[in-house]
Amino acid sequence: MTDNLLEAIGLQKSFGALKVAQDVTLRLRPGERHALIGPNGAGKSTLVALLSGVLALGGGRILLGGRDISRSSPSQRTREGLVRTFQVSNLFGGLTVLENVYLAISERAGASFRLWRPAYRNTDLIGRSHEILEQLGLGDVARTRVDQLAYGQQRLLEIAIALALRPKVLLLDEPTAGIPSTEAGILLDALDRLPPEIAILLIEHDMQVVRRFASTVTVLVEGKILMTGSPIEVMSSEEVRSVYLGKAGQTRFASEVAHA
Ligand SMILES: Nc1ncnc2c1ncn2[C@@H]1O[C@H](COP(=O)(O)OP(=O)(O)OP(=O)(O)O)[C@@H](O)[C@H]1O
């Protein structure tokens, strides 16, 4: 019996001659806050695609709650609780924030094709949608059309929709990317308030976000795991500094460590 919720064991993936996942092993326990970092082209997005089932594995196994989901479709994985954030580009811009979350919840509840009128009678699902929006600080914009939202709020809505799918494991792909610094704080606060029992894998470039959010960090370089450790261990590793970060990053890391 294992207490790991998600186990990715020996994952392999190649695009032609390019090996983008080489024996990648990653484990997440319930409630774990785990960050995945690595330079551009390291294979982070590929790993998320392998975990979520968008890409087929070239080798290895993925277990969710001890069950082998290596061959499950993305939607099966979502139903079983392995959820990746919805991309802003997949939001329904012409619908309200509430309607977007409601659609996700009703889909989870198996009601997606009963559409608007009958669905709107379902006060439980609407109540749950409001609850999630409040949780993420989007309560005030519930009736606002998504295309009228600030970008940071749209990114929060991605997370709201993922939460609506009742994740056990949540894959967050660069949630702060593209968000102006004035709005980023709100998003970081929202990340702090995510339900503590959910295991979260955060793909992130910004080390300040990583340090604030994660208790464990995995560094991926050229499709291989360079190291896994606490943010401080990772940030103070010479190997990480020299192999992964380069000169600009070394300066940044040094200042991060100094402020840790
Ligand atoms: N469908 C594909 N076909 C061929 N090569 C691909 C494909 N998808 C990604 N790659 C290549 O695989 C490597 C890993 O890409 P990936 O996007 O996973 O890296 P990443 O760590 O997410 O990078 P970034 O931080 O820039 O998003 C890159 O060299 C990329 O060009």
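As the structure lists them, so they are numbered: ligands from 1, and atoms in each ligand from 1. Start at 1 with the first residue, then count along the sequence. No hydrogens, no waters, no symmetry mates; every other heavy atom, side chains included, goes into these values.
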Side-chain touch R84/D173, heavy atoms, less than 4.5 angstrom: yes

Joint cluster assignment, L50 & F15, ILVMFWY side-chain distance < 4.5 Å: yes

Residues in side-chain contact (heavy atoms from CB on, under 4.5 Å) contact with A164, at least two apart in sequence or another chain: V101, A104, I105, I132

With S129 via side chain to side chain donor-acceptor pair (under 3.5 Å) - residues at least two apart: none

Q154 side chain vs Y151 backbone, donor-acceptor pair below 3.5 Å: no

Under 4.0 Å from ligand 1 - residues by heavy atom, chain and number: F15, L18, V20, P39, N40, G41, A42, G43, K44, S45, T46, H205

Partners passing side chain to side chain donor-acceptor pair (under 3.5 Å) against R67 (at least two apart in sequence or in another chain): E80

